[in-house]
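Here the structure comes first, spelled out in structure tokens, and everything after it is commentary.
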Amino acid sequence: QVQLVESGGGLVQAGGSLRLSCAASGRTFSSYAMGWFRQAPGKEREFVAAINWSGSTTYYADSVKGRFAISRGNAKNTVYLQMHSLNPEDTAVYYCAARFTSVVSTTLSDFRSWGQGTQVTVSS
């Protein structure tokens, strides 16, 4: 198992930027594919971005492509989500998730360990 703790959320004006971090416990973090998902009020949790074990492969939802960037620092057991050009539609709780394999996935059910989430609110 791996425990995940997100941080970096907050309130930002439209057009602003935020950087989310997800700290993972466990010695096998570097072998896991990681992902970011989000859930807005009244909506289902949706895929945002994912990265394979080495960081060489990334995927993004169409809604964030070109604005968000996922990266990881395996030496620090941390995965990041850099968000630029935020708009009110990006308001949601953002969750970090781990997949217990090195292969990247965009499917929510493929991820087995989840953090508690961090709130991102974008004001217009």
Side-chain angles (χ1 to χ4, degrees):
Q1 266 291 13
V2 60
Q3 292 187 329
L4 305 172
V5 178
E6 301 96 336
S7 61
L11 174 64
V12 64
Q13 289 187 333
S17 299
L18 280 176
R19 188 196 197 201
L20 305 184
S21 298
C22 173
S25 64
R27 294 176 292 176
T28 54
F29 169 80
S30 61
S31 64
Y32 296 159
M34 299 294 295
W36 286 97
F37 294 78
R38 67 186 182 186
Q39 188 166 16
K43 294 187 177 181
E44 293 187 352
R45 194 170 298 188
E46 65 175 5
F47 167 75
V48 175
I51 190 168
N52 72 334
W53 70 276
S54 67
S56 62
T57 302
T58 58
Y59 289 107
Y60 297 94
D62 288 343
S63 59
V64 307
K65 202 170 293 183
R67 300 188 298 122
F68 291 11
I70 187 172
S71 61
R72 65 190 299 160
N74 286 343
K76 295 185 177 181
N77 277 16
T78 304
V79 63
Y80 306 96
L81 186 67
Q82 179 69 55
M83 306 185 293
H84 295 296
S85 302
L86 287 162
N87 57 65
E89 290 71 37
D90 295 316
T91 295
V93 177
Y94 283 71
Y95 297 91
C96 173
R99 187 180 188 212
F100 297 156
T101 173
S102 61
V103 178
V104 67
S105 172
T106 64
T107 303
L108 187 149
S109 59
D110 285 342
F111 291 80
R112 293 289 181 258
S113 185
W114 293 81
Q116 294 299 310
T118 185
Q119 176 71 47
V120 172
T121 303
V122 184
S123 63
S124 58

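The structure presented is a predicted model; accordingly, all values stated were derived computationally and were not measured.
- When all heavy atoms are compared, the tightest approach of P88 to S123 is CG-C, 4.5 Å.
- Applying the 4.5 Å side-chain rule to ILVMFWY residues, one finds V2, L4, V12, L18, L20, F29, Y32, M34, W36, V48, I51, Y60, V64, F68, I70, V79, L81, L86, Y94, F100, V120, V122 in the same cluster as M83.
- Between S124 and A14, the shortest heavy-atom contact is CA-CB, 4.3 Å.
- When every heavy atom of G117 is checked against every heavy atom of V93, the shortest pair comes out as CA-CG1, 3.8 Å.
- Shown here are the ring-ring contact (aromatic ring centres under 6.0 Å, His included) partners of F47, two or more places apart in sequence or in another chain: F37.
- Here the shortest heavy-atom pairing between V104 and A50 reads CG2-CB, 3.5 Å.
- Residue pairs meeting the ring pair (Phe, Tyr, Trp, His ring centres under 6.0 Å) criterion with at least one partner in residues 73-93, sequence neighbours excluded, do not occur; the list is empty.
- Atom NZ of K43 sits in a sparse spot, with 12 or fewer heavy atoms from other residues, nucleotides or ligands closer than 6.0 Å.
- Rounding to the nearest 0.5 Å places CZ of R72 at 10.0 Å from SG of C22.
- We find the CD-CD distance between Q39 and E44 to be 8.0 Å, quoted to the nearest 0.5 Å.
- At least one donor-acceptor pair closer than 3.5 Å links the side chain of E6 to the backbone N or O of C96.
- Put simply, the side chain of S56 never gets that close to the backbone of S54: no donor and acceptor are under 3.5 Å apart.
- Residue pairs that meet the side-chain hydrogen bond (donor to acceptor under 3.5 Å, both in side chains) test with at least one member in residues 101-111, sequence neighbours left out, are S105-D110.
- In terms of the side-chain hydrogen bond (donor to acceptor under 3.5 Å, both in side chains) criterion, residue partners of T121 (sequence neighbours excluded) are, by chain and number, Q119.
- In this structure, R99 contributes its side chain and A33 its backbone to no donor-acceptor pair below 3.5 Å.
- Distance alone, capped at 3.5 Å, is enough to place a donor-acceptor pair between the S25 side chain and the Q3 backbone.
- By the neighbour-count criterion of 12 heavy atoms within 6.0 Å, atom CD of Q116 is sparsely surrounded, having that number or fewer from other residues, nucleotides or ligands.
- Taking all atoms of both residues into account, the shortest heavy-atom contact from S85 to R67 is O-NH1, 2.9 Å.
- For S7, the side chain to side chain contact (heavy atoms under 4.5 Å, CB included) partners at least two apart in sequence or on another chain are S21.
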